[in-house]
Number of protein chains: 2
Amino acid sequence: MNDSTTPPEPPSDLGAAASDFRMATFRLARRLRAQRAVDTMSDGQFAVLAALKVFGPHTLAELATRERVTAPSMNRTVNSLEESGLLSRTPSLDDRRKITLDLTDEGRAVVVETARRRDAWLEGALAEIPADERATLARAAKIMQRLADR
Amino acid sequence: MNDSTTPPEPPSDLGAAASDFRMATFRLARRLRAQRAVDTMSDGQFAVLAALKVFGPHTLAELATRERVTAPSMNRTVNSLEESGLLSRTPSLDDRRKITLDLTDEGRAVVVETARRRDAWLEGALAEIPADERATLARAAKIMQRLADR
DNA sequence: TATTGTTATACTCTATAACTATA
DNA sequence: TATAGTTATAGAGTATAACAATA
């Protein structure tokens, strides 16, 4: 294996800084995603459960928009979660074309448990780096959230 | 949220920090990914070109390990990039089981251009935040790279 | 025999287009 | 006609298992 690879150069301008930061974000996201190997739930499924937990019931179209996928794609995700008994699909009262999607009690439990499991690896990693680096990441997290919401 | 029931483990700053940071990373990665809608190259293909540019020539197994995919999966990605003329595949001189994968001149040009296009949104966003926040993100990028390589 | 790359095959997730039912 | 959801189908991207070439 190629162990003596050269690390990327330090950023010297805004363009390089953007590039480094973008690559770091993608790499870490991928690494974090790889940690979910233990559970069978996909990122898309988990994101739907998490959205329902945080923001409450949604229609199909609302979920699709929030997760930035198409309605058929979201429909498929919702089908599998419904089959697993993690969410409920009920016709809306006011407009019977719409459906109301919400977590079941089991779904609520599963999303909490899954989030904890997925945090575990990162928590372990954070425990082993210096406190000042943890502080940097905590500050960065806030900035990143703001950037993502632009 | 759990208000009346106490969780099994004591509340930990590290756990909350891990959760916040993980969510921020995913959200930003997703936001950045949405920005690449214009070009046809997948994240996986682009990551291979970028790795070859930053770290130089690789064998197939080295690339697969670096990108954390299986050899057949990487082989497929490499095939499509070779067909597009963006990388070259040559038998290694010392061990003829191995192949050496490297960027072509066109591949080198494409990775630079694609990176610039993909960086554009983030670069614009970074230009509008305070310098101390940019500095925080630059420090965070280094730490994140290290975490991802654990 | 072990290792490197490759092919065969299947599964998951995503998308577009077409269909239904309701408004 | 327009909208919400669904079904049909196809295209990426990934994986495991089996194979070929070389060491």
Side-chain angles (χ1 to χ4, degrees), chain A residues 1-2 26 29-52 57-84 86-102, chain B residues 26 29-30 33-52 57-84 86-102:
Chain A
M1 277 296 132
N2 190 1
F26 275 129
R30 208 149 133 201
R31 186 73 177 85
L32 289 168
R33 192 169 298 120
Q35 275 312 115
R36 73 162 173 75
V38 278
D39 60 70
T40 55
M41 197 177 301
S42 72
D43 289 337
Q45 289 173 329
F46 177 68
V48 165
L49 296 187
L52 291 178
H58 287 62
T59 65
L60 184 74
E62 286 168 348
L63 267 186
T65 300
R66 182 180 295 283
E67 299 302 319
R68 294 176 200 267
V69 297
T70 58
S73 179
M74 181 53 71
N75 192 51
R76 190 167 173 158
T77 301
V78 164
N79 282 342
S80 75
L81 291 171
E82 189 188 18
E83 275 176 30
S84 304
L86 302 182
L87 60 74
S88 62
R89 178 192 239 132
T90 53
S92 294
L93 297 174
D94 56 324
D95 183 340
R96 290 195 328 252
R97 289 174 306 181
K98 297 186 181 181
I99 56 173
T100 299
L101 300 161
D102 199 5
Chain B
F26 275 130
R30 207 151 128 207
R33 190 167 296 118
Q35 278 309 118
R36 74 158 173 78
V38 279
D39 61 69
T40 56
M41 196 177 303
S42 73
D43 289 338
Q45 290 174 326
F46 178 67
V48 165
L49 295 186
L52 291 177
H58 287 61
T59 66
L60 185 74
E62 286 168 347
L63 266 187
T65 299
R66 181 180 294 284
E67 300 301 320
R68 297 181 196 266
V69 295
T70 57
S73 179
M74 180 53 71
N75 193 49
R76 194 166 169 156
T77 300
V78 163
N79 282 342
S80 75
L81 291 170
E82 189 188 18
E83 275 176 31
S84 304
L86 302 182
L87 61 73
S88 63
R89 179 190 239 135
T90 53
S92 292
L93 296 173
D94 56 323
D95 182 341
R96 289 193 330 246
R97 290 174 306 183
K98 297 186 179 181
I99 56 172
T100 298
L101 300 161
D102 199 5

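Below, read A as the first sequence line, B as the second, and so on, with proteins coming before strands; counting in each chain starts at 1. Remember, predicted model here, so these are calculated numbers, not experimental data.
A close approach under 4.0 Å does occur between a side-chain nitrogen or oxygen of B:S73 and OP1 or OP2 of D:dA15. Applying the 4.0 Å criterion to OP1 and OP2 of C:dT6, one finds that B:R89 has a side-chain N or O inside that range. Look at B:N75 and you won't find any side-chain N or O under 4.0 angstrom from OP1 or OP2 of C:dG5.
For B:K98, counting side-chain heavy atoms from C-beta on, the closest listed nucleotide (C:dG5, D:dA15, C:dT16) is C:dG5. When each of C:dC13, D:dT6, C:dT6 is scored by its nearest atom to the side-chain atoms of A:I99, the top-ranked nucleotide is D:dT6. Relative to the side chain of A:V69, the nucleotides C:dT14, C:dA17, C:dC13 differ in distance, and C:dT14 lies closest. Relative to the side chain of A:R96, the nucleotides D:dG5, D:dT14, C:dT22 differ in distance, and C:dT22 lies closest. Distances from the side chain of B:R97 to the nucleotides D:dT6, C:dT22, D:dA23 place D:dA23 closest. The side chain of B:N79 lies closest to C:dT7 when the candidates are C:dT14, C:dT7, C:dG5. When each of D:dT22, C:dA15, C:dA8 is scored by its nearest atom to the side-chain atoms of A:T70, the top-ranked nucleotide is C:dA15. Between D:dT6, C:dG5, D:dT14, one nucleotide has an atom nearer to the side chain of B:L60 than all others, and that is C:dG5.
Across the protein-nucleic acid pair, A:L63 atom CG and D:dA4 atom P stand 14 Å apart, rounded to whole Å. Counting to the nearest Å, the C1' atom of D:dT6 and the CG atom of A:L101 are 13 Å from each other. Distance, B:R68 CZ to D:dA15 C1': 17 Å, rounded to whole Å. With rounding to whole Å, B:L93 atom CG is found 16 Å from D:dA23 atom C1'. What separates CE of A:M74 from C1' of C:dA15 is a distance of 14 Å, to the nearest Å.
The CG atom of A:L81 sits 5.0 Å away from atom CG of A:L49, with the distance rounded to the nearest 0.5 Å.
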Candidate pair A:E82 and A:S88, rule side-chain hydrogen bond (donor to acceptor under 3.5 Å, both in side chains), full reasoning: CA-CA 6 Å; A:E82 189 188 18; A:S88 62; over 6 Å; no
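Projected onto DNA chain D by closest heavy-atom contact, A:R76 and A:T100 fall at different nucleotides, the more 5' of which corresponds to A:T100. Between A:A71 and A:D94, the one whose closest nucleotide on DNA chain C sits nearer the 5' end is A:A71.
When every heavy atom of A:P57 is checked against every heavy atom of A:T100, the shortest pair comes out as CB-CG2, 3.9 Å.
A heavy-atom distance below 4.5 Å is not found between the side chains of B:D102 and B:L87.
Between the side chain of A:T65 and the main chain of A:A61, a donor-acceptor pair closer than 3.5 Å is present.
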